[in-house]
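Working notes, structure below.
Just so we're on the same page: letters track the sequence lines, and every chain starts at 1.
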Amino acid sequence: MKFPPIDKQLALIERGVAEIVPEDALVEKLRRAEKTGEPLIVKLGCDPSRPDLHLGHSVVLRKLRQFQDIGHQAVLIVGDFTGMIGDPSGRSRERPALTVEETRENGRSYFEQASRILDPERTRIVYNSEWLENLSFSDVIQLAGKYTVARMLERDDFEKRYKSGEPIGIHEFLYPLAQAQDSVAIRADIELGGTDQKFNLLVGRAVQQSERIEPQVCIMMPILPGTDGVEKMSKSLDNYIGISEPPEEMYGKTLSIPDDLIYRWFELATNVPTEELLAIKAAAKKEPRNTKHRLAWTIASMYHGDDAADQARSHFEKIIIKGGIPENMESVRFAADEEPRMGILDLMTRAGLTSSNGEARRLIAQHAVSMDGKKISDVRMEVNVHTGPSFVLKAGKRRFVRILREEEGGS
RNA sequence: GGGCAGGUUGCCGAGUGGUCAAAGGCGGCAGACUGUAAAUCUGCUCCCUCAGGGUUCGGAGGUUCGAAUCCUCCCCUGCCCA
């Protein structure tokens with residue numbers, strides 16, 4: 001295997017990273033690879049209980065991709081073992097116990113999404129149940145003996161919870177060790193993660209060392225702030241942009257980020273060449289509107305291509321700025337044996353526009369509902385759902401549904 | 001094992017017999033405004049077609065005309081002691 005010159009490799013590897021521990025070990029590993037022709041093993045762990053990838057995940061995945069591009073071996077570890085255990089205390093909905101089938105399914109879905117970023121041909125994908133499942137209880141005790149309670153409690157999250165009297169399950173101490181065991185099992189040279197993973201990555205080093213394996217280099221990527229501009233991007237906070245979301249969503253959500261995030265997002269979530277970043281920083285200050293549109297376009301095009309990004313842009317202008325109606329939307333047709341006259345509240349809820357009649361009522365009271373562009377003000381209005389032309393119901397700015405009636409069947 | 005303090009609507013958190021579908025904050029939704037799905041301001045935020053009704057306050061029973069609030073048992077969490 002031939003690799004690019006080491007300084008070239010370093011330049012690429014170091015782009016955008018928050019921290020490399022320890023830095024000199026990275027150089028040594030690169031030298032060794034060059035000498036032996038053996039690619040470095042670069043590890044990234046993923047949590048199969050949440051298989052929906054978003055731009056936050058893309059930061060570290062793109063780093064993994066860069067390693068692939070210079071010829072190293074990417075290993076994606078699906079944490080199916082811990083996924084199958086779940087959280088025995090049952091208190092955390094973040095970690096529901098999954099069945100084998102679910103973890104496989106989620107692992108597949110994760111990989112499929114990650115393939116939008118990684119080179120799937122050159123990605124090794126492994127499930128950690130492969131080795132963790134076969135550890136005996138005495139193996140586990142031995143592993144647990146490699147770390148101390150005091151050091152465990154150094155982890156920020158544990159320390160905080162411990163001090164504020166929140167529960168910490170013993171098994172939670174075992175998770176970082178399990179993750180470290182993964183590094184031992186695949187003999188990772190490098191492990192990637194967000195800065196929030198620093199503790200876990202370092203445990204990996206410690207455990208490898210006590211197994212007399214050359215310890216991995218930990219590369220931490222910055223955490224991408226979510227669309228709210230405050231918290232880290234995460235699904236549970238609903239401030240995320242999913243990798244497989246439609247381009248219009250990506251575009252609109254990107255535009256909603258605070259202006260001072262524009263540069264950071266360009267840096268962490270896009271492929272714009274490093275040289276351009278400085279100019280972008282200046283542009284973001286000077287003309288935030290245009291720069292943010294460019295960001296939104298860039299992100300949409302990374303995942304959907306240029307044409308889709310163009311369309312997303314015009315869609316946004318039409319719907320949000322001009323208050324128009326989109327071309328594609330959900331459509332609903334009520335069964336022929338259905339009672340033809342239906343109250344507007346029922347209609348909205350059954351068409352999936354609102355989650356309850358109460359919500360529908362409130363929206364109408366707030367003048368937020370219209371039918372083919374005409375505001376609805378009477379909550380007792382009735383509609384014949386079978387006869388007459390199809391029409392569009394709109395709730396708020398961006399919720400639409402087309403109700404199909406007898407005419408123009410498929411439109 | 002013992003003692004103490006707790007478990008309230010998506011989250012945090014007030015409420016200790018009726019005036020409680022339950023203060024306040026956060027989040028969410030809508031309207032106005034805006035380059036924006038940002039910021040700001042205003043309204044809404046359990047379910048049921050209004051009046052009114054129905055289901056909620058860890059779980060199961062019970063007391064009472066009436067219980068988130070009192071009693072019993074159980075489950076869960078934290079702290080202290082062993």
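- Nucleotides B:G54 and B:G6 are separated by 33 Å at their P atoms, to the nearest Å.
- Going from atom CG of A:Leu345 over to atom P of B:U49 covers 7 Å, rounded to whole Å.
- By the ring pair (Phe, Tyr, Trp, His ring centres under 6.0 Å) test, A:His54 is found to be paired with A:His57, residues two or more places apart in sequence or in another chain being considered.
- Across B:U49, B:U45, B:G78, the shortest atom-to-atom separation from the side chain of A:Arg362 is found for B:U45.
- Rounded to whole Å, the P atom of B:G78 lies 29 Å from the corresponding atom of B:G27.
- B:C79 and B:G53 have their P atoms separated by 47 Å, with the value rounded to a whole Å.
- You'll find the side chain of A:Thr270 reaches within 4.5 Å of the side chain of A:Ile299, heavy atoms only.
- Counting to the nearest Å, the C1' atom of B:C12 and the CD atom of A:Glu231 are 14 Å from each other.
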Check: Base, backbone or nothing for each nucleotide of nucleotides 29-35 of chain B, written B, S, -, heavy atoms under 4.0 angstrom, 5' to 3'?
Finding: SSS-B-B
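- A distance of about 23 Å separates the P atoms of B:G28 and B:G35, rounded to the whole Å.
- Annotation: side chain to side chain contact (heavy atoms under 4.5 Å, CB included) contacts of A:Lys394 (sequence neighbours excluded): A:Ser370, A:Phe400.
- Rounded to an integer number of Å, the gap from A:Met348 CE to B:C47 P is 13 Å.
- Between A:Glu249 and A:Val379, the residue whose closest nucleotide on RNA chain B is further toward the 5' end is A:Glu249.
- For the P atoms, the distance from B:C47 to B:G66 is 29 Å, rounded to whole Å.
- In this structure, A:Arg116 forms no cation-pi arrangement with A:Tyr303, as its terminal cationic atom is not both closer than 6.0 Å to the ring centre and no more than 45° off the ring axis.
- Across all strands shown, nothing is found opposite B:A51 as a Watson-Crick or G-U wobble partner with both distances under 3.5 Å.
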Item checked: Sequence-aligned protein contact record of nucleotides 50-56 of chain B, with B where the base is within under 4.0 Å of a protein heavy atom and S where only the sugar-phosphate is -> S------
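- If you measure from atom CD1 of A:Ile364 to atom P of B:C44, you get 17 Å, rounded to the nearest angstrom.
- Shown here are the side chain to side chain contact (heavy atoms under 4.5 Å, CB included) partners of A:Glu159, two or more places apart in sequence or in another chain: A:Lys163.
- In the model, A:Gln113 has a side-chain atom that pairs as donor or acceptor with a side-chain atom of A:Ser109 under 3.5 Å.
- Contact annotation: A:Ser356 side-chain N/O to B:C48 OP1/OP2 distance is under 4.0 Å.
- With salt bridges taken as basic N to acidic carboxylate O contacts below 4.0 Å, none links A:Glu339 and A:Arg350.
- Taking the P atoms as reference points, B:A68 lies 12 Å from B:U55, given to the whole Å.
- A:Met342 has its CE atom 13 Å from the P atom of B:U49, to the nearest Å.
- Annotation: ring pair (Phe, Tyr, Trp, His ring centres under 6.0 Å) contacts of A:Phe158 (sequence neighbours excluded): A:Phe173.
- Note on A:Glu317: nothing from the nucleic acid sits closer than 4.0 angstrom, heavy atoms only.
- For the P atoms, the distance from B:C74 to B:C4 is 16 Å, rounded to whole Å.
- The ring pair (Phe, Tyr, Trp, His ring centres under 6.0 Å) test applied to A:His293 returns A:Tyr251, not counting sequence neighbours.
- Checked against salt bridge (Lys or Arg N to Asp or Glu O under 4.0 Å), A:Asp346 has no partners two or more places apart in sequence or in another chain.
- Within residues 153-160 of chain A, no residue is approached by RNA chain B to less than 4.0 Å at the level of any non-hydrogen atom.
- Residues forming a side chain to side chain contact (heavy atoms under 4.5 Å, CB included) with A:Glu14 (at least two apart in sequence, or on another chain): A:Leu10, A:Ile20, A:Glu23.
- Annotation: side chain to side chain contact (heavy atoms under 4.5 Å, CB included) contacts of A:Ala368 (sequence neighbours excluded): A:Leu363.
- Between the C1' atom of B:A39 and the CG atom of A:Asp228 lies a distance of 14 Å, rounded to the nearest Å.
- Residues A:Ile13 and A:Ile70 meet the side-chain proximity criterion, which asks for heavy atoms closer than 4.5 Å.
- Rounded to the nearest Å, the gap between the C1' atom of B:U8 and that of B:A14 is 9 Å.
- Listed nucleotides B:U49, B:A37, B:U77 differ in distance to A:Lys253; the shortest reach to its side chain belongs to B:A37.
- Atom CG of A:Leu237 and atom P of B:C26 are 16 Å apart (whole Å).
- In this entry the distance linking NZ of A:Lys322 with P of B:U36 reads 12 Å, nearest Å.
- Pair assignment for B:U77 gives B:A5, based on Watson-Crick or G-U wobble hydrogen-bonding distances that are each under 3.5 Å.
- Residues satisfying the ring pair (Phe, Tyr, Trp, His ring centres under 6.0 Å) test with A:Phe3, not counting sequence neighbours, are A:His72.
- The nucleotide B:U72 finds its pairing partner in B:A60, both defining distances of the Watson-Crick or G-U wobble pair being shorter than 3.5 Å.
- Nucleotide B:U36 is matched to nothing when pairs are restricted to Watson-Crick or G-U wobble geometry with both distances under 3.5 angstrom.
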